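Since this is a predicted model, take the numbers as computed values, not measurements. Order of the sequence lines fixes the chain letters, A, B, ..., with proteins taken first and strands second; residue numbering starts at 1 for each chain.
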Protein chains: 2
Amino acid sequence: MARELQHGATIWDVARRAGVSITTVSHSLNGKGNISQATRERVRAVAAEMGYVADAMARGLRSSKMNAIGLVFRSLDSLGNYGPNGVDVFMKLAGAAASETLNRNLGLMLVPDLSRGPLPPFSMSLDGYIVFAPHLDDPVVALLEKRGIPYVTWDRDPGRPDFRNWVAHNDAASTRTVLDHLAAAGARSIAYVGGTDRNAWNFDCEAAYVAWCLETGAEPRIYHVPERDGVEGGQEVGGRILADGLPGAVFCLTGRHASGAAQALQERGVRIPGDLLVCTGSDSEHSRQHKPPISALDVDIPAAAAALVQRLCEVMEGASEPEPVLLAARFLHRKSTSPVKGRTKPRPGS
Amino acid sequence: MARELQHGATIWDVARRAGVSITTVSHSLNGKGNISQATRERVRAVAAEMGYVADAMARGLRSSKMNAIGLVFRSLDSLGNYGPNGVDVFMKLAGAAASETLNRNLGLMLVPDLSRGPLPPFSMSLDGYIVFAPHLDDPVVALLEKRGIPYVTWDRDPGRPDFRNWVAHNDAASTRTVLDHLAAAGARSIAYVGGTDRNAWNFDCEAAYVAWCLETGAEPRIYHVPERDGVEGGQEVGGRILADGLPGAVFCLTGRHASGAAQALQERGVRIPGDLLVCTGSDSEHSRQHKPPISALDVDIPAAAAALVQRLCEVMEGASEPEPVLLAARFLHRKSTSPVKGRTKPRPGS
DNA sequence: GTACGGAACAAAAACGTTTTTGTGTAGCTG
DNA sequence: CAGCTACACAAAAACGTTTTTGTTCCGTAC
């Protein structure tokens with residue numbers, strides 16, 4: 001009994017103590033089979049009293065369901081660093097996904113990178129995967145595909161237009177929202193600063209920017225900064241932008257680039273929002289804490305996590321692939337893009 | 001063959017194709033048993049060609065090793081919110097722990113909260129746990145203890161002085177470092193702002209503060225703000241501190257409180273570091289991005305993760321419990337605690 | 001020539017479930 | 001009362017490994 005109460009209480013122990021067979025125990029606990037209500041309740045009581053929890057591996061082996069899914073951050077992998085400052089989207093998503101999976105009684109496993117090194121022992125047994133921001137020809141996606149493991153992605157897979165199990169923001173619409181907002185706030189020309197990762201976010205936002213310029217007759221000014229360069233990369237591009245002639249506004253996809261660029265420009269005398277509007281496509285501590293706070297597109301993380309897990313569960317249950325899920329990003333209007341009365345001419349540079 | 005190459009290649013398939021028994025396959029791949037070198041290599045080649053990976057659950061069932069550990073953030077649980085802004089320690093630690101466990105071919109599972117709701121199916125089968133910041137009489141710790149599941153904690157368990165499998169900063173020493181630094185920078189009186197979670201961090205830092213005051217003859221001024229109140233809580237306590245008379249320095253344990261307090265005080269005309277020095281016990285985006293940047297104690301996250309995983313592995317292998325691991329926090333000296341020449345008298349308040 | 005021993009492998013048990021199939025009893029029908 | 005059904009439960013198979021125990025073959029010692 002002492003033994004039973006601790007670590008290894010098995011279905012046999014419960015059966016013996018309840019005076020029934022293991023079949024009856026299993027059926028009672030899982031609400032299956034044909035068991036009288038009285039027996040069912042008695043067995044449940046005994047199991048609860050013993051603190052019996054079915055061994056996850058035995059159950060998984062039998063039913064070939066692991067009851068856990070994997071989460072892999074491709075963009076973090078490409079950063080080569082699992083603790084980049086200010087990329088708090090990841091933690092939020094991991095946390096939100098964890099509580100979302102818990103609601104469905106699933107576990108969530110963090111899997112750094114499947115494409116290099118020996119495979120973590122569990123990785124190929126998981127029931128499904130959430131792949132965050134797959135890049136072009138992503139080997140992780142290829143592996144999952146080859147193994148026939150269900151997966152969903154955040155952001156579409158840029159190389160596989162036929163794949164539809166993804167959830168993302170409507171990047172084209174969001175980009176337009178930002179650009180329209182900047183134009184309405186008085187910006188004549190708008191520079192665009194994107195990243196260099198070859199993922200859909202970068203592709204789609206840039207395409208939307210180019211299209212918007214075409215429509216409005218604006219001259220596109222596009223800069224690229226590697227994601228991994230972070231705030232320093234933003235500072236550097238700020239210098240380049242100033243050297244090329246100050247535009248009316250800058251739209252930086254990542255919050256760290258926006259913060260760095262704004263900082264570099266402010267240090268050289270550019271007033272924000274007086275001389276220049278700044279906006280970012282990805283809210284973070286950097287944009288919130290900047291002086292002035294930088295307007296941003298914001299991900300509704302819980303909604304994203306919910307949609308991803310929901311879709312993954314559907315896929316795991318073999319649902320026919322419906323349309324991708326498009327979420328709307330919220331636009332957070334902050335001081336950095338407030339129209340200023342009596343707007344002055346840009347002072348430094350051009 | 002087509003079947004074998006995809007999802008369900010089992011040890012039988014490998015055995016059949018290699019013309020041996022499953023025993024031989026198992027032994028060959030695991031480097032056990034008495035197998036001729038030639039056979040061993042042939043089997044390995046066949047397995048590799050078929051992309052065979054032993055089923056984690058079958059293996060786990062047999063060897064009662066899950067090859068995965070759980071990570072549970074108690075302080076996040078108490079925040080009731082898995083995406084708190086600026087608490088980036090968590091993501092960093094999760095990421096660092098994930099890559100650390102991967103190096104040992106272990107999986108890392110995120111487990112939100114074991115003490116409420118139905119248990120996640122896997123939680124009781126994991127090989128071990130890392131519990132981040134357990135609080136007093138923590139039910140999660142109690143559960144693990146009852147189940148006999150090995151675990152280590154970040155921060156000691158405040159209610160169990162005999163438990164020694166923990167890794168933490170030397171909070172007493174760190175607190176002294178900060179206070180000495182503030183005093184050396186010219187602060188006569190130093191106010192202390194702690195959290196309300198009943199964990200070792202709060203207890204030990206406050207105790208060290210009190211002891212330091214006793215030694216130096218300073219008058220203790222202690223404030224408490226709930227962790228969950230974040231920046232707003234910091235702003236509120238900033239007002240209280242001002243009302244009670246401006247001290248020479250404020251030491252806020254959490255970065256969000258520090259940022260809020262500094263902000264509230266600055267808005268009321270207090271100059272930092274001119275009139276007041278501010279320092280925090282936990283670096284975050286808030287402290288880094290504040291104007292001026294706030295001095296902080298910084299966790300070496302990769303080192304912490306490495307120590308935790310290392311210790312957990314030792315415990316899982318049944319090592320006799322050695323001493324706890326004490327890491328040194330780095331002190332990041334920033335503008336907010338720079339001595340100012342010709343220090344002025346505090347202006348507002350007292 | 002029988003006995004012994006080791007090398008190289010195979011057979012079978014075990015891990016703890018879930019699920020399929022079996023079994024016995026009771027009640028009902030004709 | 002034979003035969004059928006429904007009910008409540010038990011026995012056994014299966015899941016894919018690892019590990020323990022066998023088995024075969026062959027060389028060598030007595």
>> Using the side-chain contact (heavy atoms from CB on, under 4.5 Å) criterion, which residues pair with B:S64? Sequence neighbours excluded.
In response: none
> Sub-3.5 Å donor-acceptor pair from the side chain of A:D13 to the main-chain atoms of A:T10, do we have one?
Replying inline: yes
> Considering all heavy atoms of both residues, which atom of A:G70 and which atom of A:V111 are nearest to each other, and what is their separation?
Replying inline: CA-CG2, 4.5 Å
>> Are the side chains of A:V43 and A:V20 in contact, using a 4.5 Å heavy-atom criterion?
In response: yes
> In residues 56-69 of chain B, what residues come within less than 4.0 Å of DNA chain C, judged by heavy atoms?
Replying inline: B:L61, B:R62
> What parts of residues 22-32 of chain B reach DNA chain D, counting only heavy atoms under 4.0 Å away?
Replying inline: B:I22, B:T23, B:S26, B:H27, B:N30, B:K32
> Are the side chain of A:D55 and the backbone N or O of A:M57 linked by a donor-acceptor pair below 3.5 Å?
Replying inline: yes
> Who are the side chain to side chain donor-acceptor pair (under 3.5 Å) partners of B:S36, not counting sequence neighbours?
Replying inline: B:T39
>> Rounding to an integer number of Å, can you tell me how far B:N34 CG sits from D:dT24 P?
In response: 18 Å
>> Within residues 36-44 of chain A, which residues have any heavy atom lying less than 4.0 Å from an atom of DNA chain C?
In response: none
>> Show me the pairs that pass side chain to side chain donor-acceptor pair (under 3.5 Å) and involve residues 118-129 of chain A, at least two apart or across chains.
In response: none
> Considering only heavy atoms from C-beta outward, does the side chain of B:T101 approach that of B:L71 to under 4.5 Å?
Replying inline: no
>> Please find the pair of heavy atoms, one from B:N105 and one from A:L119, that lie closest to each other, and give the distance.
In response: OD1-O, 3.2 Å
> Quick one: side chain to side chain donor-acceptor pair (under 3.5 Å) partners of A:D138, sequence neighbours excluded?
Replying inline: A:R74
>> For the helix from C:dG1-D:dC30 to C:dG30-D:dC1, what angle separates the axis at the start from the axis at the finish, each from five pairs, in steps of 10°?
In response: 80°
>> Under a 3.5 Å distance rule, please check whether A:S26 uses its side chain to pair with a backbone N or O of A:I22 as donor and acceptor.
In response: no
>> Test of understanding: with side chain to side chain donor-acceptor pair (under 3.5 Å), list the residues that count as partners of A:S21, not counting sequence neighbours.
In response: A:T24
> Does B:F132 reach the side chain of B:L308, with side-chain heavy atoms less than 4.5 Å apart?
Replying inline: no
>> According to side chain to side chain donor-acceptor pair (under 3.5 Å), does anything in residues 153-163 of chain B pair up with another residue at least two apart or in another chain? List the pairs.
In response: B:E145-B:R160, B:Y151-B:R160, B:R156-B:D204
>> Once you apply a heavy-atom cut-off of 4.0 Å, does B:D55 come out as touching a base, just sugar-phosphate, or nothing?
In response: sugar-phosphate
>> For chain A and DNA chain C, what are the first and last nucleotides along the strand, 5' to 3', with at least one atom under 4.0 angstrom from a heavy atom of the protein chain?
In response: C:dG16 to C:dT20
>> Among residues at least two apart in sequence or on other chains, which ones pass salt bridge (charged side-chain N to carboxylate O under 4.0 Å, His left out) with A:E323?
In response: A:R164
